[in-house]
Asker: 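What follows is a single structure, and I will ask about it in a moment.
Values in this document were obtained by computation on a predicted structure and should not be read as measured data. In what follows, every chain begins at residue 1, and chains take the letters A, B, ... in the order their sequences are listed.
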There are 2 protein chains.
Amino acid sequence: MKTLRLNSNDKAVLLGSRFFEKLSAAASDAILEGAVVTNHEEHDILFQQDEPVDSVFCVLSGLVRVYRLGKDGREADIAVFPKGELFGENAMFLGNRATANAQAIGSSTIARLDSRNLRKLAEQYPDIAQALMELLCRHGQMAEDCLAEDRLLTAPQRVASYILGHCPDGSTTFSFRLPFQKNVLAGKLGLAPEALSRAFSALRRSGVTVKGRMIEIHDRQALERF
Amino acid sequence: MKTLRLNSNDKAVLLGSRFFEKLSAAASDAILEGAVVTNHEEHDILFQQDEPVDSVFCVLSGLVRVYRLGKDGREADIAVFPKGELFGENAMFLGNRATANAQAIGSSTIARLDSRNLRKLAEQYPDIAQALMELLCRHGQMAEDCLAEDRLLTAPQRVASYILGHCPDGSTTFSFRLPFQKNVLAGKLGLAPEALSRAFSALRRSGVTVKGRMIEIHDRQALERF
DNA sequence: CGTAGTGTTGATCTTCTTCAACATCCGTGG
DNA sequence: CCACGGATGTTGAAGAAGATCAACACTACG
C-alpha cells in the first residue's frame with residue numbers, strides 16, 4: 001500500500017473534525033507531524049481483529065465500517081464512520097491490538113496518526129488527553145446507544161429512530177439523503193437487508209416516503225410515536 | 001441520603017481497583033480528597049437518565065446495574081458493575097448529564113468522586129488522564145463486546161461465552177459460583193429469565209451442570225464449539 | 001440492450017418473548 | 001423444627017419478530 005503525506009485538503013478535513021476542533025495549532029501540528037495517508041478501494045481491509053495496529057485512523061473521504069467476525073464467518077457491525085471521524089483509537093489502550101476489523105466502504109482516503117506519538121503528546125498537552133477522552137466517550141456512547149436500541153426497539157422502530165436522528169428538532173416535515181447504501185444501513189442497524197426493506201414498508205404507512213436514497217418524513221410526530 | 005467519609009476499608013477497595021492501581025499515592029489522594037460514601041438498599045436508584053450528575057461512582061460493596069429505559073418502560077441493561085469498579089464517568093464528558101440509569105442490586109455501598117475535581121486533576125496528572133482513558137476504553141469495549149455478542153450469538157452461545165469468560169485458559173474442567181442471581185445474569189446478557197433458564201438446559205447436554213448459583217464445566221472444548 | 005449489482009417481496013423456519021402454571025428455595029414466625 | 005409465604009427459577013405452549021432462501025423488480029452503466 002502506497003503511503004502519502006497529507007495534502008492541504010487532507011489537513012483541512014482533519015482540522016475540521018470533532019477531534020481537532022478544540023486543539024491548539026501547536027497540539028494539532030504535533031499530532032499531524034508524521035501522519036500519512038493511504039487510498040483504498042471498496043472492501044479493502046484496513047486492519048483486522050487481534051492484529052497489531054500502531055495508528056489511529058481518520059476518514060478523509062469515503063466511509064469505513066468497523067465490525068467483528070463470528071466463528072461462522074458472519075459479521076456484526078460495530079460502527080460506520082463517515083468523513084472526518086477518527087477511529088481505531090481503542091487499540092492504543094489495549095496493547096496495540098485491534099479488537100475489531102475495519103473495511104473501506106466505497107473507495108476511501110484514510111489518514112494514519114502514529115499512536116505512540118499521540119500517546120506521548122497526550123501526556124504533554126492536557127487538551128489532547130481531553131480530546132482523546134471525549135473521543136473514547138463518544139464511541140462508548142455510540143456502542144451503548146446501539147446496544148440499548150437493539151434490545152429495546154423492533155426493526156421499524158430502529159429505522160424510525162435513525163431517521164429521527166437526521167431530522168432537526170423543530171420541523172414536522174423533512175427530507176434527507178441516506179449517506180450510504182441501504183445495505184450499509186442495514187448492517188449498521190443490525191438488520192438483514194430484507195428486514196430493513198420491510199421496515200421501510202412499515203414506515204411508509206406512517207408518512208415516510210423512500211425513493212432510492214431519498215427519505216421524506218411527512219409527519220414527525222407519527223414517527224416518534226411508532 | 002446520608003453521606004459519609006471514606007473509612008479505611010473503603011479506601012482499600014478503591015486503591016485496589018483497576019482504576020487506581022497504577023496511580024501514584026499523590027494522585028490517588030488528590031482524587032479521594034472529598035470523596036463521600038453512601039449506602040443503598042436493593043433497587044435504590046443512584047442516578048437517572050438526563051439528570052445532572054457531578055460524580056464518578058465506585059462500587060465499594062454490592063452490585064450496580066446500569067440500564068436504559070424504553071418508551072414502554074422496558075429496561076435494557078448496559079452493564080453490571082461489581083465491587084471495585086468505577087462507573088458513571090461518561091456524564092463527565094457529556095455536560096454532567098447521565099445517559100443511563102443506575103440502580104443498586106442488593107444493598108450496596110457506593111463511593112462518589114467529585115467529577116469536576118477529577119477533571120481538573122486529569123489536566124495536572126497525566127497518569128490520571130491515562131487511567132481515565134483506559135477506563136473509558138474498557139467500558140466502550142464492554143459495550144462493543146455485548147453488541148457483537150448480541151448480534152452474532154444465540155442465547156445458549158452467549159451463556160456459553162459468559163461461562164468461558166470465567167474459565168481459566170488451560171483447564172478442561174472447571175466450576176465457579178455466579179456472582180449474582182440468574183435474574184441479573186439474564187438482564188446482562190439481554191435475555192428474558194426464561195430464555196436464560198432454557199439456555200442452561202441446552203448447555204446441560206454439553207457438559208454444564210447448574211445447581212443454584214454453582215456452575216460446573218465438564219468439557220471446555222465442547223462449550224467452545226457450541 | 002444486456003448484465004451485474006441492489007433492492008423488494010413472499011414463504012418458511014428459527015429464535016426468542018410472553019404468559020401461565022408449576023417447582024424450588026429461603027427466611028420468618030409459630 | 002416445621003409450616004408458610006414470597007421470591008426465584010423452570011417448564012410448557014403460543015405468538016411475534018427476524019433470518020434465511022428464493023424469486024423477482026429496478027437501476028445503473030457498460
Asker: Check the angle between the aromatic planes of F57(B) and F47(B) and answer parallel, tilted or perpendicular using the 30° and 60° thresholds.
Answerer: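 Geometry flag for F47(B) against F57(B): tilted rings.
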Asker: Determine, for R112(B) against D54(B), whether the closest basic-nitrogen to carboxylate-oxygen distance falls under 4.0 angstrom.
Answerer: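 Answer for the salt bridge query: no.
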Asker: Using a heavy-atom cut-off of 4.0 Å to chain B, what are the terminal contacting nucleotides of DNA chain C, in 5' to 3' order?
Answerer: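 Here the contact window of chain B covers dC16(C) to dC19(C).
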Asker: Check residues 80-107 of chain B and write down every donor-acceptor pair under 3.5 Å in which the side-chain atom is one partner and the other belongs to a residue at least two apart or another chain.
Answerer:
from: E89(B); atom 1: OE1; to: H139(B); atom 2: ND1; distance (Å): 3.3
from: E89(B); atom 1: OE2; to: H139(B); atom 2: ND1; distance (Å): 2.6
from: N90(B); atom 1: ND2; to: Q141(A); atom 2: OE1; distance (Å): 2.5
from: R97(B); atom 1: NH1; to: D50(B); atom 2: O; distance (Å): 2.6
from: T99(B); atom 1: OG1; to: Q141(A); atom 2: NE2; distance (Å): 2.9
from: N101(B); atom 1: OD1; to: Q49(B); atom 2: N; distance (Å): 3.0
from: N101(B); atom 1: ND2; to: Q49(B); atom 2: OE1; distance (Å): 3.4
from: N101(B); atom 1: ND2; to: Y67(B); atom 2: O; distance (Å): 3.1
from: Q103(B); atom 1: OE1; to: R65(B); atom 2: NE; distance (Å): 3.2
from: Q103(B); atom 1: OE1; to: R65(B); atom 2: NH2; distance (Å): 3.0
from: Q103(B); atom 1: NE2; to: H43(B); atom 2: O; distance (Å): 3.4

Asker: Are any non-hydrogen side-chain atoms of R225(B) and K71(A) less than 4.5 angstrom apart?
Answerer: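 They are not in side-chain contact.
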Asker: Let's see if you get this right: which residues in residues 144-152 of chain B place a heavy atom under 4.0 Å from DNA chain D?
Answerer: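 The stretch gives none, as no residue of it lies under 4.0 Å from the strand.
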Asker: Quantify the bending of the helix from dC1(C)-dG30(D) to dG30(C)-dC1(D) as the angle between its end axes, each fitted on five pairs, to 10°.
Answerer: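 That helix gives 30° between its end axes.
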Asker: Between atom CZ in F200(B) and atom C1' in dG9(D), what is the gap in whole Å?
Answerer: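 These atoms are roughly 11 Å apart.
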Asker: Output a table of donor-acceptor pairs, distance under 3.5 Å, between side-chain atoms of residues 189-199 of chain A and any protein atom two or more places apart or on a different chain; print 'none' if there are none.
Answerer:
none

Asker: Write down the atom of E144(A), the atom of A143(B), and the distance for their closest heavy-atom approach.
Answerer: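 Heavy-atom minimum between the residues: CG-CB, 3.8 Å.
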Asker: Do side-chain atoms of S108(A) reach the backbone of H40(A) as a donor and acceptor pair under 3.5 angstrom?
Answerer: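 Not confirmed, S108(A) side chain does not pair with H40(A) backbone.
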Asker: Could you report the tightest heavy-atom contact between R151(A) and G187(B), atom names first, then the distance?
Answerer: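 Scanning both residues, the minimum pair turns out to be NH1-O, 3.6 Å.
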Asker: Do the side chains of I215(B) and L178(B) get nearer than 4.5 Å, heavy atoms only?
Answerer: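 When only atoms from C-beta onward are counted, I215(B) and L178(B) do touch, with a gap below 4.5 Å.
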Asker: Take atom NE2 of H43(B) and atom C1' of dT8(D), then tell me their distance rounded to the nearest Å.
Answerer: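 That distance rounds to 12 Å.
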Asker: Answer yes or no: are there more than 12 heavy-atom neighbours, outside R213(A) itself, under 6.0 Å from its atom CZ?
Answerer: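 Yes, enclosed.
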Asker: Between L185(B) (CG) and dG9(D) (C1'), how many Å, whole number?
Answerer: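 That distance rounds to 13 Å.
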Asker: Less than 4.5 Å apart, side chain to side chain, heavy atoms only: is that true for Y162(A) and K188(A)?
Answerer: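 In contact.
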Asker: Are L14(A) and L60(A) side-chain neighbours, meaning at least one heavy-atom pair lies under 4.5 Å?
Answerer: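 Counting from C-beta outward, L14(A) and L60(A) do come under 4.5 Å.
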Asker: Treat primed atoms plus P, OP1 and OP2 as sugar-phosphate and everything else as base, then score nucleotides 16-30 of chain D 5' to 3': B for base contact with protein heavy atoms under 4.0 Å, S for sugar-phosphate contact only, - for none.
Answerer: --SSBB---------
Asker: Would you mind checking if R68(A) and D145(B) are paired as a salt bridge, meaning a charged N to carboxylate O distance below 4.0 Å?
Answerer: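 Yes, D145(B) and R68(A) are salt-bridged.
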